[in-house]
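Here the structure is a predicted model, which is why all the values come from computation and not from measurement.
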Amino acid sequence: MTKDELIRQLDDIEWENFEVKAAVNEIPKNVWETVSAFSNTAGGWIIFGVSFNQDKYEIIGVENPEKIESDFLTVLRGQKFNVPIKVLSKKYNFDNKTVLAFYISLSDKKPVYFNNVKNTFIRTGSGDQRATQEEIDSMYRNSSFGTRSALPIEKSSIAWLNQHSVEQYREYVKRFNSHSKYNLISNEEFFQKLRIVSDGKITYSGLLAFGKEDFVQEIFPDFRIDLLEIPGTSNADAKTRYTYRMAEQENLWEYYFVLFDRLQQKIDKPFKLGIEGFAIEDYPYLEALREALVNMLMHADYFSTGHSRIRVFYDKIEFLNFGSLPKPLKIIMKEDVSMPRNPILTKIFRVAKLAENAGFGFDKMIEGWKTYKKLEPEFYPEFDFVKVVFPLNDLENTLKTVEKTVEKTVEKTVEKIIAAIKKNP
């Protein structure tokens, strides 16, 4: 952060990744909460020597800045925190007033806390909040990205797999990835190479992908992917809770087909002919929806108490997936980060050509959905879940369409009543 960038930030309200402390002659006691919060959430700047009062910043400077800086860095690298804190420090001078800036990086060993695990904080808005036990548990799971779901399940066996799902998958790969080496091997070798089975036991990912319902429910007692169609623009304005709810399926491979089939029905698909006179099935916006769906299925935190869900409203489709992103969204999109939560599930979908070979496919979702009425998806990465929203239409036109539909329904109903009265006066 340059001096000009610091000044620009001071001209605005306190940001989510930016907090000031007076720290005139000592380190503020509440700064450890902010260190923990930045380390656990998305990183951020802590500024010493600036006060904030009544929505205004004032540069007051730090006395004896060398000692303050040394003491602060010593604590961050010492015993107060459960892990060493990654920090970048800078010093600025404003009219002979020294301002210290420290950038606290997002930690890859969350949760980060001081003294004891109860002192785990997260950043919400421009404030630090003590993490709940569920959020702490989520951090522990997130810190083991790619490990837990790859473990074999004790006392499990190949009999836990739904053979119909496995056969359907292998047929799909033969059709849509005909050159794959996996088409040339036996089921037994196939299970081993994709790590569906490990040492004769089913892995958690293998069970989720192809398991029989009874065994899936035994290991994941409330396993389900919800899809609700809600007659409104939100839950609040819907007159009924929902008009359609997806029936429960045995495993993720079964869920993929019924979910995508239902989603396709909600999208306008104009009929197009190629030069040979055959219909063209080229709809980038459907690919965008497919990418969002597959992302949800393969990156979900299945050990969380939350459920992945899809909500279809009049004006939008929402995908909500429990489990945080491995890095901030802007970094993932800029650097094409590929850190799957469930690498075995990810490989299963990629072998079937249903997912990108790298990254999270955000660009594919954005560019694909732009071809649908020139709309763009919106992304809301939160601490322990991610929501992706695909707008279907602008709200005003949607409401007009709904009103016309209601009017026509009422008119037809009235006509039927009048006709019935005339027939049987």
Side-chain angles (χ1 to χ4, degrees), residues 42 106 108 110 135 137-151 194-196 203-211 216 220 223-227 249 251-256 259-260 263 287-311 317-366 368-369 377-390:
L106 171 66
D108 56 1
K110 298 179 285 187
E135 288 167 336
D137 292 342
S138 175
M139 280 186 264
Y140 277 120
R141 292 195 301 271
N142 289 339
S143 67
S144 60
F145 255 74
T147 57
R148 188 173 181 186
S149 63
L151 296 174
L194 278 185
R195 295 205 62 205
I196 296 165
T203 61
Y204 287 100
S205 286
L207 180 68
L208 286 164
F210 303 118
V216 174
F220 301 94
F223 170 78
R224 68 178 186 274
I225 312 294
D226 275 338
L227 184 149
Q249 306 297 312
N251 51 53
L252 294 180
W253 186 245
E254 305 289 340
Y255 262 116
Y256 166 73
L259 288 168
F260 190 58
L263 288 171
E287 291 299 311
L289 280 183
R290 186 200 303 272
E291 193 70 27
L293 173 60
V294 173
N295 259 291
M296 184 181 76
L297 296 178
M298 66 186 186
H299 293 307
D301 180 359
Y302 291 103
F303 298 94
S304 168
T305 56
H307 302 287
S308 297
R309 69 177 192 232
I310 302 170
R311 297 289 185 265
I317 298 175
E318 290 185 356
F319 292 81
L320 188 144
N321 205 26
F322 279 86
S324 66
L325 294 173
K327 290 183 179 294
L329 179 60
K330 62 182 179 181
I331 294 178
I332 290 176
M333 296 187 69
K334 180 180 178 181
E335 301 179 3
D336 199 21
V337 173
S338 181
M339 290 179 63
R341 182 188 305 278
N342 306 300
I344 295 176
L345 287 178
T346 301
K347 188 172 184 178
I348 288 171
F349 279 103
R350 286 176 179 167
V351 167
K353 296 275 189 186
L354 289 174
E356 291 290 291
N357 288 326
F360 283 72
F362 287 110
D363 288 340
K364 191 172 184 178
M365 286 184 250
I366 294 169
W369 200 248
E378 299 170 350
F379 304 99
Y380 301 93
E382 300 295 337
F383 181 76
D384 56 356
F385 70 86
V386 179
K387 184 167 70 172
V388 182
V389 179
F390 292 89

Legend entry - Side-chain heavy-atom pair Glu378, Trp369 within 4.5 angstrom cut-off: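 Sidechains of Trp369 and Glu378: no contact.
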Main-chain N/O of [Y] paired with [X] side-chain donor or acceptor, under 3.5 Å:
X	Y	value
Asn342	Met298	yes
Ser205	Ser149	yes
Asn321	Val386	no
Tyr255	Gln249	yes

Inset, instruction - Measure up the Trp253 and Phe349 rings against each other and bin them: parallel (under 30°), tilted (30 to 60°), perpendicular (over 60°). - result: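 Ring orientation of Trp253 relative to Phe349: tilted.
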Give the minimum heavy-atom separation between [X] and [Y], together with the two atoms involved.
X	Y	result
Leu320	Phe322	CD2-CE1, 3.4 Å
Ile344	Arg195	CD1-O, 3.4 Å
Leu354	Val294	O-CG2, 3.3 Å
Met296	Arg309	SD-O, 3.9 Å
Ala288	Phe390	O-CZ, 3.9 Å

Aromatic centroids of [Y] and [X] separated by under 6.0 Å:
X	Y	answer
Phe220	Phe303	yes
Phe362	Phe379	yes
Phe385	Tyr380	no

Measure the spacing between [atom1] of [X] and [atom2] of [Y] and express it to the nearest 0.5 Å.
X	Y	atom1	atom2	value
Arg290	Leu259	CZ	CG	12.5 Å
Arg311	Lys387	CZ	NZ	11.0 Å
Phe319	Glu291	CZ	CD	11.0 Å
Asp301	His307	CG	NE2	12.0 Å
Ile225	Asn251	CD1	CG	10.5 Å
Leu293	Ser308	CG	OG	10.0 Å

Legend entry - Test applied, side chain to side chain contact (heavy atoms under 4.5 Å, CB included); reference residue, Leu252; option that passes from Val216, Leu345, Ile348: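 The single option meeting the side chain to side chain contact (heavy atoms under 4.5 Å, CB included) with Leu252 is Leu345.
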Legend entry - Leu263 and Leu227: CA distance, side-chain angles, deciding distance, side chain to side chain contact (heavy atoms under 4.5 Å, CB included) verdict: CA-CA 9 Å; Leu263 288 171; Leu227 184 149; 4.1 Å; yes
Legend entry - Check against side chain to side chain contact (heavy atoms under 4.5 Å, CB included), Leu194 and Phe210: CA-CA 12 Å; Leu194 278 185; Phe210 303 118; 5.7 Å; no
